[in-house]
Amino acid sequence: MPFRFIHTADIHLDSPLKSLALRNAELGRLIGGATRAAFSQIVDLACEEAVDAVLIAGDLYDGAQTSMKTAIFLAHELQRLDDAGIRTFLIRGNHDAASRITNELTLPASVTTFTARAETVTLTPDAPFEVAIHGVSFRQPQAPDSLLDKFKPPVAGAVNIAMLHTSLGGAPGHDPYAPCQPAELDAMGFDYWALGHIHQRSVQGAASKIVMPGIPQGRDIGEAGGKSVSLVTVADDRIITIEERTVALARFERVAVDLAGVEDWSEMVSRIESALRTARAALDCRHLVARLELSGQTPLSWRLRRDADKLAGEAEAIALAIGDTWIDKITNATVSADAEAEPASGDGPPLQELGALIDGEILQSPGYRQAVEALADDITSQLPGEIRDVLGEDTERRAKILDDLAREGARDILARLQAAPESGDA
């Protein structure tokens, strides 16, 4: 019989979602509970597929958790695996190392939590080979150096599976923890590397299967797209097959809406509805959380900016009618069909002159830029480490993001100052 296991990581149980909750409390509650729902789905999948083991490659928790509700939930789910005769193997990542629950929770005997000293557990499944599972945990929330030298050699004759929480060669938005290169992992002699830390799925390797399953449940638009776990089968001939399985409750998606040439408000609403229904139909989980991205040249451009509250209401009404659909945010990159109607630069009506003043003098002034930089520093310092790159990974990128935000804000303000439209264009 084959040896089968589920490989997951970065579950981030009860991850706080403060910004999302501020925009929409109900959506915040839904996504706030989605990490638990995804973990329950992982346990359901393990039981349905009758796997031999579940491997969790770090960041099961989301930091210094203090809620015992999390502990009770987790103990219950792990007990379900134990009752089904499924072994669980855990390593601690950077978030787990800071969690009180990591040290306080009593787990079933079928759960193995690897320590900061690399260990090996040998299994004798109903397969024509032994399975050796190797793992090493973070001792502290930071692991700036490679952990590869801690691993023991592969067990001769066995199928060797190694668990590691690592940033590999580095990835945007992820701190450099336990860095290493795929070529180094390939050279270690293990058959399968069960990795964690990077939230984007990847499968690579030549001599070994090097798998980053990604986060199983997205928590914001930065984690848009399909999220999954890996269902792995090691056949009797030792050939390894990897299946991607969805366990998410909700999926974040950027939904593009092209409004080029649209002149009528009702037609604009119709295009939003069509785009949302198309995205919803393609979904592989229950809830769609959409960020609407409006684009195109349309005479409605400035009205969309000025009446952003009405636009949001229209979109939310459509989402409610579709069902299990939510609006995360609406971004407006449309441009006016009449260049003279858009107050941007040059001499002309007062709003045009104000636009020119903002673009040409205010946004470029040293005092303004210094004030914006100080505000950005203050905001960034209050963010969790893993999302501090939201305003840019370096000085150049940050300056561009702040510039774009300032210009977008200026256009929104000018749109609201514009005269009300004629009653006939509603």
Side-chain angles (χ1 to χ4, degrees), residues 5-12 15 53-63 88-99 102 112-121 132-154 160-216 222-223 227-230 232 240 242 244 384-389 393:
F5 63 94
I6 288 174
H7 166 207
T8 186
D10 302 290
I11 295 164
H12 293 279
S15 177
V54 173
L55 278 57
I56 303 173
D59 285 358
L60 173 58
Y61 313 109
D62 196 70
T88 302
F89 295 88
L90 298 166
I91 59 172
R92 296 172 182 165
N94 50 296
H95 284 273
D96 303 314
S99 173
T102 302
T112 298
T113 302
F114 290 102
T115 69
R117 294 181 179 180
E119 300 163 291
T120 302
V121 176
I133 299 181
H134 309 253
V136 61
S137 287
F138 281 23
R139 188 188 302 276
Q140 302 292 336
Q142 293 79 32
D145 301 318
S146 173
L147 299 178
L148 295 186
D149 60 354
K150 293 182 178 292
F151 282 93
K152 297 178 181 179
N160 287 271
I161 300 168
M163 300 177 66
L164 178 64
H165 200 74
T166 174
S167 58
L168 283 174
H174 296 278
D175 291 330
Y177 292 138
C180 57
Q181 297 296 328
E184 295 179 277
L185 301 183
D186 253 339
M188 296 282 288
F190 297 105
D191 299 287
Y192 184 100
W193 279 95
L195 305 182
H197 185 56
I198 297 174
H199 292 182
Q200 186 66 38
R201 181 178 181 83
S202 68
V203 179
Q204 53 187 309
S208 307
K209 298 287 187 182
I210 302 172
V211 181
M212 190 75 71
I215 193 168
E223 294 170 344
K227 304 301 170 189
S228 59
V229 300
S230 292
V232 185
I240 298 175
I242 304 166
E244 184 179 359
E386 63 270 20
I387 61 170
R388 287 184 181 173
D389 284 343
E393 305 89 20

Arg117 to Val136 - nearest heavy-atom pair and separation: C-CG2, 4.5 Å

Which atom of Ala9 lies closest to which atom of Gly196, heavy atoms considered: CB-CA, 3.6 Å

Pair Thr166-His197, side-chain donor/acceptor within less than 3.5 Å: no

Where Asp149 and Ser146 come nearest, the two heavy atoms and their spacing: OD1-O, 4.0 Å

Non-hydrogen atoms of Ile91 and His165 that approach each other most closely: CD1-N, 3.5 Å

Nearest-0.5 Å distance, OG1 of residue Thr115 to NZ of residue Lys150: 9.0 Å

Test side-chain contact (heavy atoms from CB on, under 4.5 Å) applied to His134 and Leu164, Asn160, Val121, the passing residue: Asn160

For Glu223, side-chain hydrogen bond (donor to acceptor under 3.5 Å, both in side chains) partners two or more places apart: His199, Arg219

Heavy-atom closest contact (Ala57 atom, His7 atom, distance): CB-NE2, 4.1 Å

Value rounded to 0.5 Å, distance of CD1 in Ile11 from CD1 in Ile215: 9.5 Å

For the student: nearest non-hydrogen atoms of Val229 and Pro216, plus distance: CG1-CB, 4.1 Å

Value rounded to 0.5 Å, distance of CG in Asp59 from NE2 in His12: 4.5 Å

Separation between CZ of Phe151 and OG1 of Thr120, rounded to the nearest 0.5 Å: 8.5 Å

Check: Val54 main-chain N/O paired with Thr88 side-chain donor or acceptor under 3.5 Å: no

Arg139 side, atom CZ; Arg92 side, atom CZ - distance, nearest 0.5 Å: 10.5 Å

Any Lys227 side-chain heavy atom under 4.5 Å of Gln200 side chain: yes

Pairwise distance OG(Ser137) to CD(Glu119) - rounded to 0.5 angstrom: 8.0 Å

Audit row: Thr112, Phe89, side chain to side chain contact (heavy atoms under 4.5 Å, CB included) steps and yes/no: CA-CA 5 Å; Thr112 298; Phe89 295 88; 3.6 Å; yes

Partner of Lys209 under side-chain contact (heavy atoms from CB on, under 4.5 Å), chosen from Asp186, Ile161, Ile240, Val232: Ile240

Intermediate values then yes/no, side chain to side chain contact (heavy atoms under 4.5 Å, CB included), Arg201 and Ser228: CA-CA 8 Å; Arg201 181 178 181 83; Ser228 59; 3.6 Å; yes

Test side chain to side chain contact (heavy atoms under 4.5 Å, CB included) applied to Leu168 and Leu185, step by step: CA-CA 10 Å; Leu168 283 174; Leu185 301 183; 3.8 Å; yes

Derivation and outcome, side chain to side chain contact (heavy atoms under 4.5 Å, CB included), residues Trp193 and Cys180: CA-CA 12 Å; Trp193 279 95; Cys180 57; over 6 Å; no

